[in-house]
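Report on the following structure.
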Amino acid sequence: MSDLLANLNEEQLRAVTLPPQHALILAGAGSGKTRVLTTRIAWLVQTGQAAPQQILAVTFTNKAAKEMLARLAAMLPMNAARTARSMWVGTFHGLCNRLLRAHHRDAGLLQLFQILDSADQLAAIKRLLKALNVDDQKFPPRELQHFINANKEAGLRAHAVEAWDDFTRRRVELYREYEQQCEREGVVDFAELLLRTYELLERNEPLRRHYQERFRHVLVDEFQDTNRLQYRWLKLLANDGREGGACLFCVGDDDQSIYRFRGAEVGNMRDFEREFRVGSVVRLEQNYRSHGNILEAANAIIVRNSGRMGKNLWTDQGAGEPIRVFEAFSDGDEARWIVEEIQSLVRDGASRADVALLYRSNAQSRILEHQLFSAGIPYRVYGGLRFFERQEIKHALAYLRLIANPDDDTAFMRVVNFPTRGIGARSQEVLQDAARTWNSSLYAAVPHLSGKAGTVLAQFVSLMEAMRRDTTALTLPELVDHVLDVSGLRNHYRNEKEGQERLENLDELINAASNFTAEMASEAQTLAQPHALLSDFLAHASLEAGDHQADVGADAVQLMTVHSAKGLEFDVVFLSGLEEGLFPHENSTMEREGLEEERRLMYVAVTRARQRLYLSFSQSRMLHGQARYNLPSRFLEEIPEGLTRWLSPKRPRGGAGAGSSGSGSAPSARAPVPAAPATLPGGWRVGQLVRHARFGQGVIIDARGGGADAQIQVNFGDSGIKWLLLSVAKLDAC
DNA sequence: ATTCTTTAGTTTTTT
DNA sequence: ACTAAAGAAT
């Protein structure tokens with residue numbers, strides 16, 4: 001017990017030992033957030049205030065859930081398996097899946113309902129549009145997918161959506177058709193998991209009461225990332241803060257909310273504070289991660305945002321090194337410089353794994369990878385395809401899904417002609433028409449067909465029937481193995497020249513099935529229905545797509561987007577591409593909300609660094625096959641000058657206009673901007689930084705005409721991109 | 001059914 | 001510049 005609370009600082013201790021009441025913990029970057037959350041749970045259990053089964057902990061990723069369970073197992077004197085079983089720890093989606101399986105009848109679902117991941121959902125929508133003969137130019141599937149998900153996340157079924165124009169009315173109709181299609185096929189998408197559970201609990205009072213009374217404590221991690229529906233879901237369990245509901249313990253950081261684009265509502269934090277009358281918000285402001293200069297820079301950046309809940313990180317670690325800033329002439333130059341810097345760090349004894357290269361968008365990784373590769377520096381990139389998202393795995397899973405549920409049309413379409421068995425587009429069309437006529441699934445429509453299409457499809461159906469029959473007595477890994485052979489998938493990839501890796505992945509799927517079976521066995525549940533374990537395995541595959549492709553353990557430099565760096569920390573961080581239009585991204589600068597999210601993203605990036613932070617930008621950059629000339633990011637100017645050290649000749653500051661460095665003075669060793677045309681009349685050149693009396697600072701990005709008509713195009717950032725007549729415009733070199 | 005050609009769209013991502 | 005996906009030709 002004293003062990004548990006030892007080494008907590010004053011605020012952490014206060015948060016951990018709060019009396020049972022609704023609580024909001026504002027936890028800054030590196031302030032020991034996860035530690036507080038897990039210690040709180042352990043403390044509740046150890047002091048006898050709550051039994052493990054009275055606790056529900058919600059995270060956003062499976063990784064975070066696993067980590068929390070591992071830490072709890074180490075803190076609590078009970079074996080890990082028991083903790084895992086009696087305490088509900090998981091993602092919103094994982095927990096909803098568990099609830100819906102337990103109460104599938106009340107929720108109006110098959111016991112073996114399947115879960116569509118985003119790609120499956122998109123495929124289902126495309127299939128729907130095709131069946132209804134809808135022009136997918138007018139109704140792009142992706143847009144419709146977003147429309148449906150956004151409405152579900154707002155808690156709205158198709159009948160409840162208000163439509164004021166024809167376009168929306170049609171989309172609502174398609175939403176309704178989509179709902180019916182999912183219903184018919186016995187499948188549920190991600191948003192549906194949440195909405196179904198919400199409606200189930202709302203509608204079914206005894207059930208709601210049961211869970212409200214069971215879960216005395218609900219703890220939420222990354223609360224700033226919750227969407228509206230998730231918040232309503234929590235409110236339901238807490239009985240809106242009235243008697244008989246759970247206590248909500250929400251931990252989050254409004255300054256690290258970077259998922260607005262996918263529905264996260266930072267406003268939930270304030271709403272929670274108000275609606276649940278959270279008396280005093282506990283602020284964790286001592287940072288144990290970064291040196292003083294880095295923190296000060298982060299604070300200076302984030303303070304410019306409006307509507308913050310307010311928080312100022314501090315450290316007792318001392319100022320540390322200055323933040324290093326570098327201006328390159330081209331993106332290639334920037335990458336080369338980063339690589340040189342890494343080489344010298346490694347020479348000085350740094351471990352490559354402690355160095356991270358961060359960027360705003362994935363497109364920027366290519367050039368960095370290229371330079372790292374040429375220099376022979378091991379690196380790993382986060383963000384590739386994940387295991388369960390691979391083509392061969394999705395194919396195998398589709399066969400498995402068809403065994404569990406023949407009405408799953410998405411799975412049917414995926415494998416009906418893969419490997420090819422002579423069921424081409426025409427046969428598939430005939431079948432889809434028949435399914436519509438008979439109002440049945442594709443599988444069930446096959447017997448109604450005659451002719452050539454009927455014959456080949458009947459063969460496919462009997463293949464599936466045989467698969468189902470022959471696997472009832474098999475263990476899950478045996479079943480998977482059997483299906484890989486009988487379906488012809490193995491054979492197909494054996495004959496493909498690049499198929500070796502895919503074959504290995506298929507074997508890995510059998511492995512995954514073995515591991516899953518072992519985990520389930522330790523929870524000692526007996527499943528009466530054949531293929532019930534299969535169904536659980538499929539849910540697992542949808543909900544947990546596996547780790548991103550990267551070899552763990554190797555001493556390699558880490559490359560990732562700022563988004564995926566959230567929650568991680570490194571001794572040395574390079575943040576590249578700090579340019580207007582890139583970071584902040586041009587699509588975000590139109591509205592204040594968007595810009596502030598970019599600023600939070602910048603805040604997240606800066607606070608990843610423990611000891612050393614490099615910021616770099618480039619005068620020119622190849623993007624979509626064209627050279628772009630960007631201004632330095634406004635975020636650079638938001639860092640107080642005293643905290644930085646420029647490794648390249650410093651440019652004048654935007655506001656001050658006091659600079660004296662010559663116009664674009666290039667260190668002689670560096671090559672000039674590639675693709676920069678010859679000097680223009682008046683000595684101007686593309687890529688040059690200029691100042692206009694009205695528009696402020698800008699970069700010359702193009703030129704046309706000659707003599708008296710010569711014009712230049714200048715990117716003034718905020719003030720836009722303008723064509724100016726050289727003979728008229730009053731421009732100063734910066 | 002396979003292969004070649006054209007076209008559109010390239011911020012961030014988990015479940 | 002590059003890719004993935006849809007369309008057209010074989």
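Distances were taken from every side-chain heavy atom of R366(A) (C-beta onward) to each of dA1(B), dT15(B), dT3(C); the shortest belongs to dT3(C). The side chain of R386(A) has dT15(B) as its nearest neighbour among dT15(B), dT11(B), dT13(B). Distance from the side chain of Y259(A) is smallest to dT13(B) among dT15(B), dT11(B), dT13(B). Listed nucleotides: dT11(B), dT15(B), dA1(B). Nearest to the side chain of T61(A): dT15(B). Closest to the side chain of R360(A), from the set dT15(B), dT14(B), dT12(B), is dT12(B). When distances are taken from the side chain of N362(A) to each of dT14(B), dT15(B), dT12(B), the shortest belongs to dT12(B).
The salt bridge (Lys or Arg N to Asp or Glu O under 4.0 Å) search around R414(A) returns none, not counting sequence neighbours. Here F190(A) pairs with H93(A) under the ring pair (Phe, Tyr, Trp, His ring centres under 6.0 Å) rule; sequence neighbours left out. Remark: R308(A) pairs with D255(A) by the salt bridge (Lys or Arg N to Asp or Glu O under 4.0 Å) rule, at least two apart or across chains. Here D408(A) pairs with R401(A) under the side-chain hydrogen bond (donor to acceptor under 3.5 Å, both in side chains) rule; sequence neighbours left out. Qualifying ring pair (Phe, Tyr, Trp, His ring centres under 6.0 Å) partners for F92(A), counting only residues two or more places apart in sequence or in other chains: F60(A), W233(A). Partners of Y211(A) according to the ring pair (Phe, Tyr, Trp, His ring centres under 6.0 Å) rule, which considers only residues two or more places apart in sequence or in another chain, are H103(A), F215(A). Scored by the ring pair (Phe, Tyr, Trp, His ring centres under 6.0 Å) test, Y399(A) finds no partners at all (sequence neighbours excluded).
The nearest whole Å value for the distance from the CD atom in Q114(A) to the P atom in dT15(B) is 19 Å. Across the protein-nucleic acid pair, Q224(A) atom CD and dT14(B) atom P stand 15 Å apart, rounded to whole Å. One atom, CG of L385(A), and another, P of dT3(C), lie 14 Å apart when rounded to the nearest Å. Residue F261(A) contributes atom CZ, which lies 12 Å from atom P of dT11(B) at whole-angstrom precision. The interatomic distance linking D117(A) (CG) with dT14(B) (P) rounds to 13 Å, in whole Å. Rounded to whole Å, the distance from CG on L358(A) to C1' on dT12(B) is 13 Å. Protein atom CD of Q626(A) is 14 Å distant from nucleotide atom P of dC2(C), rounded to whole Å. Spacing between atom CD of Q145(A) and atom C1' of dT14(B) amounts to 13 Å, rounded to whole angstrom units.
No salt bridge links E67(A) with K63(A); every basic N to acidic carboxylate O contact stays at or beyond 4.0 Å. Salt bridge status for R386(A) with E389(A): present, with a side-chain N to carboxylate O gap under 4.0 Å.
Geometric assessment of R228(A) against the ring of Y231(A) yields a negative cation-pi assignment under the 6.0 Å and 45° thresholds.
Contact of the Q558(A) side chain with the L357(A) side chain is not registered, since no non-hydrogen atoms from C-beta on lie closer than 4.5 Å.
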What does the B/S/- profile of nucleotides 2-10 of chain B look like, 5' to 3', with a 4.0 Å heavy-atom cutoff to protein? S-------B

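Using a 4.0 Å heavy-atom cutoff across all strands shown, L116(A) reaches no nucleic acid atom at all. Using a 4.0 Å heavy-atom cutoff across all strands shown, S542(A) reaches no nucleic acid atom at all.
Where N587(A) and R421(A) meet DNA chain B, the nucleotide closest to each residue was compared, and R421(A) sits on the side nearer the 5' end. For the pair I423(A) and E544(A), nearest-nucleotide mapping onto DNA chain B gives the more 5' position to I423(A).
When the side-chain nitrogen and oxygen atoms of N62(A) are compared with OP1 and OP2 of dT15(B), one or more of them lie within a distance under 4.0 Å. A sub-4.0 Å separation between OP1 or OP2 of dT15(B) and a side-chain N or O of N227(A) is absent. Contact check, S588(A) against dT12(B): no side-chain N or O comes under 4.0 Å of OP1 or OP2.
Judged by ring centres under 5.5 Å apart and planes tilted less than 30 degrees, F60(A) fails to stack against the six-membered base ring of dT14(B). A distance cut-off of 5.5 Å between ring centres, combined with a plane angle under 30°, leaves H93(A) outside any stacking arrangement with the base of dT15(B).
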Could you list the protein-to-nucleotides 6-10 of chain C atom pairs, N/O on both sides, closer than 3.5 Å?
residue: dA6(C); atom: OP1; partner: K126(A); partner atom: NZ; Å: 3.2

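Side-chain atoms of T561(A) stay outside donor-acceptor range of the base of dT11(B), with no qualifying N/O pair under 3.5 Å.
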